[in-house]
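Both backbone and side-chain heavy atoms feed into the values below; hydrogens, waters and symmetry mates do not. This chain uses plain numbering: 1 for the first residue, then up along the sequence. Everything quoted here is computed from the prediction, not taken from an experiment.
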Amino acid sequence: MSRLYLVLVLVLGLFLFGCGEQPEQGAGGEVTESGEGGPSGGELSGGGGGIGLDAPELEVGQWITYGVDDEPQEATFGVLSSETFEGTECLWIQIDWGESAAQMLVDPAVLSEAFDSYSMVAETFLEDPAQYIRDNMGEAGDVSAMFTSEENMENALEFIGAFKMIRVDQGGGQILALDLSGVPDALEEMMEDPAFSQSFEQGFQSGMVEGEADIDEIMAELDRIDFGWDPTEVDVQGTSVSGYEFTMIHPDGGVEVVISDELPVIPLAHAKFTDTQSGEEHVLEVRGFGFDGVEDKLPGEAVQTMDAAMFLQMMGSGGGPGAGGGAGPMGGGM
């Protein structure tokens, strides 16, 4: 099922992250009710006349915990506190996975704008997923074109710009902070170098080759997938929430993803992958959520703050991480 895995990951990447340029829309960009997939195959059933999904409004105290299958390990995403960073009101988001934790300072307004852009692209994608992928691969049938186009690179930079700082524990309570505020500018400068763009695309193509991907076979598998998109209500730890269910059903397996903006922090209720040949099934689901009581797992000030943009610039110039030291403490504390 390696090729099917690749196709499912490709489609999920487009659906969840809005990759690919948005083509011209016809009648308002609404999702079709009957869902004929058109000449490209890949039938879409259901639909509700549009997505109508908003990003959850982040507020201090919100948290949500995820687990996979019956594994005891869990990951909790929580909104820890607020901080004004360079004149902008930002929020510290903590990711806690038991023995370890990390914290990210984010600009919620930029995240919300990115989610709005994603929703518009997703509506067009859902009209005819198979044809959408074909349109965005261009005449050469290049999968990497969907991820490396100028528009997508600009969207990626905007999304990255929402992240201002990262804090991690190096061990023994020694907290290291990475200042990300200069990363978008550094990346934009690197992307203007044709050699960097070529190297990026070659790396993507290499990954496709290593996965034994043949574009014609990938598209043939894509045409065997039936897509669905329907409003739904699901039970999440005893609470009924409304949302949308996105499904991809293939003769050899399938994926279903339920998203709901009634959940805090992350609008993902659950995701399930099924291999019909082996009977194998894997489920990512919410194990709990709430709106207060987030505990700070990295208390105290950072012992050092490093400039992440500086490392990118050194890598771009061939200097490598060892070419220079980190900047002195520049803030980034809680």
**Q** Applying a strict under-4.5 Å side-chain criterion to I, L, V, M, F, W and Y, I'd like to know whether Phe273 and Phe227 cluster together.
**A**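 Yes, one cluster joins them.
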**Q** Flag the pair Leu268 / Val257 as yes when at least one side-chain heavy-atom distance between them is below 4.5 Å, and no otherwise.
**A**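 Result yes, sub-4.5 Å side-chain heavy-atom pair found.
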**Q** With a 4.5 Å limit on heavy-atom distance, are the side chains of Glu256 and His270 in contact?
**A**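 SC-SC contact between Glu256 and His270 confirmed.
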**Q** Nearest 0.5 Å, what's the CD1-CG distance between Ile93 and Leu80?
**A** 8.5 Å
**Q** Go through the structure and list residues passing side-chain hydrogen bond (donor to acceptor under 3.5 Å, both in side chains) with Asp169, not counting sequence neighbours.
**A** none
**Q** If you compare all heavy atoms of Val106 against all heavy atoms of Pro108, which two are closest, and at what distance to 0.1 Å?
**A**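 Val106 and Pro108 have their closest heavy atoms at O-CD, 3.3 Å.
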**Q** Taking all atoms of both residues into account, what is the closest heavy-atom pair of Gly300 and Ile175, and its distance?
**A**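 The pair with the smallest heavy-atom distance is O-CD1, 3.9 Å.
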**Q** Please evaluate residues Thr305 and Met165 with respect to the criterion side chain to side chain contact (heavy atoms under 4.5 Å, CB included), reporting the C-alpha separation (whole Å), side-chain torsions for both, the decisive distance (0.1 Å), and the verdict.
**A** CA-CA 9 Å; Thr305 298; Met165 191 83 64; 4.2 Å; yes
**Q** Gln62 side chain to Glu57 main-chain N or O, any donor-acceptor pair under 3.5 Å?
**A**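 Confirmed, Gln62 side chain pairs with Glu57 backbone.
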**Q** List in chain and number order the residues that pass ring pair (Phe, Tyr, Trp, His ring centres under 6.0 Å) with Phe77, two or more places apart in sequence or in another chain; answer none if no residue qualifies.
**A**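 If we apply the ring pair (Phe, Tyr, Trp, His ring centres under 6.0 Å) test to Phe77, skipping adjacent residues, there are no hits.
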**Q** In the single-linkage hydrophobic clustering (I, L, V, M, F, W, Y; side-chain heavy atoms under 4.5 Å), do Ile266 and Val286 co-cluster?
**A**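 Both belong to a single hydrophobic cluster.
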**Q** Under the criterion side-chain contact (heavy atoms from CB on, under 4.5 Å), which of Val110, Leu178, Leu111 is the partner of Phe163?
**A**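 When Val110, Leu178, Leu111 are each tested with Phe163, the side-chain contact (heavy atoms from CB on, under 4.5 Å) holds only for Leu111.
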**Q** Does Asp252 offer a backbone N or O that forms a donor-acceptor pair with the side chain of Thr276 under 3.5 Å?
**A**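 Side chain of Thr276 to backbone of Asp252: a pair is present.
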**Q** Would a single hydrophobic cluster contain both Phe159 and Ile166, if residues Ile, Leu, Val, Met, Phe, Trp and Tyr are joined by side-chain heavy-atom contacts under 4.5 Å?
**A** yes
**Q** CD1/Ile95 to CE/Met104 distance, rounded to the nearest 0.5 angstrom?
**A**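 Going from the CD1 atom of Ile95 to the CE atom of Met104 covers 3.5 Å.
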**Q** How long is the gap from NE2 on His282 to OG1 on Thr274, to the nearest 0.5 Å?
**A**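 The OG1 atom of Thr274 is 9.5 Å from NE2 of His282, to the nearest 0.5 Å.
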**Q** Residues in side-chain hydrogen bond (donor to acceptor under 3.5 Å, both in side chains) with Ser181, at least two apart?
**A** Asp179
**Q** Is Leu298 close to Asp296 at the side-chain level, that is, under 4.5 Å between some pair of heavy atoms?
**A** yes
**Q** Quick check: closest heavy atoms across Gln103 and Lys297, and the distance to 0.1 Å?
**A** NE2-N, 4.1 Å
**Q** If I compare all heavy atoms of Trp63 with all of Phe291, which pair ends up nearest, and what's the gap?
**A** NE1-N, 4.0 Å
**Q** Do Val283 and Ile64 sit in the same hydrophobic cluster, where Ile, Leu, Val, Met, Phe, Trp and Tyr count as joined when their side-chain heavy atoms come under 4.5 Å apart?
**A** no
**Q** Could you tell me whether Asp292 atom CG has more than 12 heavy atoms of other residues or ligands within 6.0 Å of it?
**A**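 At most 12 heavy atoms, drawn from other residues, nucleotides or ligands, come within 6.0 Å of this atom.
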**Q** Tell me every residue that passes ring pair (Phe, Tyr, Trp, His ring centres under 6.0 Å) with Tyr66, counting only those two or more places apart in sequence or in another chain.
**A**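 Here no residue qualifies.
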**Q** Please check if the side chain of Gln174 supplies one atom and the backbone of Gln304 the other of a donor-acceptor pair under 3.5 Å.
**A**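 No; judged by distance alone, with no hydrogens or angles, the pair does not exist.
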**Q** Ignoring hydrogens, what is the shortest heavy-atom contact between Phe85 and Cys90? Give both atom names and the distance.
**A**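 The answer is CB-SG, 4.1 Å.
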**Q** Hey, quick one: are Leu58 and Val60 part of the same hydrophobic cluster, counting side-chain heavy atoms closer than 4.5 Å, chains of contacts allowed?
**A** yes
**Q** Tell me every residue that passes side-chain hydrogen bond (donor to acceptor under 3.5 Å, both in side chains) with Glu74, counting only those two or more places apart in sequence or in another chain.
**A**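 In terms of side-chain hydrogen bond (donor to acceptor under 3.5 Å, both in side chains), with neighbours along the sequence ignored, Glu74 is linked to Arg287.
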**Q** Do Glu262 side-chain atoms and Ser242 backbone N/O form a donor-acceptor pair below 3.5 Å?
**A** yes
**Q** Considering all heavy atoms of both residues, which atom of Glu59 and which atom of Val79 are nearest to each other, and what is their separation?
**A**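 Distance-wise, the nearest heavy atoms are O-CB, 3.2 Å.
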**Q** Restricting to side-chain hydrogen bond (donor to acceptor under 3.5 Å, both in side chains), what partner residues turn up for Lys164, sequence neighbours left out?
**A**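 Expected list: none.
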